[in-house]
Amino acid sequence: MKPIGKVLCVAVLIAGLIDFFWKDPFNPESLSGARVLLTGASAGIGEQMAYHYARFGAEIVLTARREAVLQKVMEKCLTLGAKKIFYIPADMSSPSEPEKVVQFAVQKLGGLDYLVLNHIGLTRFQMWAGDVEYTRWLMQVNFFSYVSLATAALPTLEKNTGSLVVVSSLTGKVPTPFTTSYSATKFALDGFFTSLRHELIMQKRNVSVTLCILGLIDTETALENTRGKVYLTASPAAGAALAIIQGGATRAQEIFYPWWLQPVCCLWVLFPYSRNQVLQSYYNYSSP
Ligand code: NDP
């Protein structure tokens, strides 16, 4: 047998052994009747998460700004098997909304097992043009509202040994061009929620914190934002949604989707000197 054939045989054997011994810790039945508050649920990855949770038989509260769209997502969730479902329209740029949303969810579901923080404000994929006010606004929507929602939900999550699931991005680990303000909000999430996880463990408070690091996903807004600017293939939103849900259900500290983002983040830390050349080869920019 040729050497390449031997290598292939060994690789297939190893893959077979991994497949045989690997026990997927995710138990879909654990989500039947689970009480979930899901933000950014009217579109993109959040909408796909709503459908997955519904198929698993969860009890769900959906939130986003557009009431008519939430209503449609809710109706589809009912046909897919959601045990209970409600929605509450809310704009997370308003500092008073997060607490109201958590109160509504706790009242409708009688408590919470999962808080899934997923919404984002309108994202500009462009060079920094000095708009400080926009950055302040985006911080409110993408970061401060997450902190407020988590703070309001912690007591009920603790009572129910629940989980906080925070959707972040590769740009919250690796700063890329055209994402100054967005990347800042995602780095803030990593800092806050990783520190919070440490504190909860130190205090033996049984609430898990799962940070979800996503690459480019094929949602309408992401594809529109990056068209002609990025040489990357987008991964499917339904797959990202399932990976997030599984991460939360298995109480993982971090998940990466697609999986190869994890080695990318490690290489980023290990090889600081060639970062600019590597990164810029994935972006299209011609000076005006
Ligand atoms: P979308 O733009 O498709 O959806 C955003 C959701 O947030 C919508 O439901 C929208 O609903 C809601 N939303 C927008 N503004 C507000 C607001 N002011 N208050 C409350 N809700 C609001 O986003 P994606 O599905 O693409 O992204 C979901 C998550 O995944 C985000 O955290 C994002 O950072 C992360 N991610 C996505 C990537 C991608 O390539 N798609 C890559 C990496 C991370 P409505 O308009 O009705 O309010």
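Heavy atoms only: backbone and side chains are in, while hydrogens, waters and symmetry mates are out. For ligands, and for the atoms within them, numbers begin at 1 and follow the listed sequence.
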Any idea which protein heavy atom is nearest [atom], and the distance to it?
atom                    : answer
atom 10 (C) of ligand 1 : Ser42 OG, 3.7 Å
atom 46 (O) of ligand 1 : Arg65 NH2, 2.8 Å
atom 35 (C) of ligand 1 : Val167 CG1, 3.7 Å
atom 47 (O) of ligand 1 : Arg66 NE, 2.8 Å
atom 43 (C) of ligand 1 : Leu214 O, 3.4 Å
atom 40 (O) of ligand 1 : Ile217 N, 2.7 Å
atom 28 (C) of ligand 1 : Asn118 OD1, 3.1 Å
atom 36 (N) of ligand 1 : Tyr182 OH, 3.7 Å

Would you tell me which option among [options] has the nearest heavy-atom contact to [atom]?
atom                    : options                      : answer
atom 19 (N) of ligand 1 : Glu47, Met92, Glu67          : Met92
atom 42 (C) of ligand 1 : Ala222, Gly215, Ser94        : Gly215
atom 7 (O) of ligand 1  : Ala64, Gly40, Ala234, Ala237 : Gly40
atom 15 (N) of ligand 1 : Leu70, Ile45, Ile120         : Ile120
atom 21 (N) of ligand 1 : Gln48, Glu220, His119        : His119
atom 18 (N) of ligand 1 : Thr221, Val69, Asp91         : Asp91

Quick check on contacts: which atoms of ligand 1 are under 4.0 angstrom from a heavy atom of [X]?
X      : result
Leu216 : 40 (O)
Ala41  : 9 (O)
Ala90  : 19 (N), 20 (C)
Gly44  : 3 (O), 25 (O)
Ala43  : 9 (O)

> Are there more than 12 heavy atoms of other residues, nucleotides or ligands under 6.0 Å from atom CD of Gln203?
Replying inline: yes
Can a non-hydrogen atom of [X] be found less than 4.0 Å from any atom of ligand 1?
X      : answer
Ser168 : yes
Pro89  : no
Lys186 : yes

Given 3.5 Å as the limit, does a donor-acceptor pair link the side chain of [X] with the main chain of [Y], or not?
X      : Y      : answer
His52  : Ala238 : yes
Asn160 : Asp113 : no
Lys83  : Ser32  : no
Arg205 : Glu158 : no
Ser183 : Thr171 : yes
Tyr87  : Ala64  : no

> Is it true that Glu75 and Lys72 have a side-chain N and a carboxylate O under 4.0 angstrom from each other?
Replying inline: no
> Do the numbers put Lys229 on top of the ring of Tyr283, so that NZ or CZ is under 6.0 Å from the six-membered ring centre and no more than 45° off the axis?
Replying inline: no
>> A cation-pi test, strictly: NZ or CZ of Arg124 under 6.0 Å from the centre of the six-membered ring of Tyr134 and no more than 45 degrees from its axis. Yes or no?
In response: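 Yes, Arg124 lies over the aromatic ring of Tyr134.
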Side chains of [X] and [Y]: do they bring a donor and an acceptor to under 3.5 Å?
X      : Y      : answer
Glu67  : Gln71  : no
Thr179 : Thr176 : yes
Thr63  : His119 : no

>> Check the orientation of Phe143 and Phe192. Use parallel for under 30°, tilted for 30 to 60°, and perpendicular for over 60°.
In response: perpendicular
> Should the proximity of Thr219 to ligand 1, defined as any heavy atom under 4.0 Å, be assigned to the side chain, the backbone, both, or neither?
Replying inline: side chain
> Just distances here: any N/O of Val141 and N/O of ligand 1 closer than 3.5 Å?
Replying inline: no
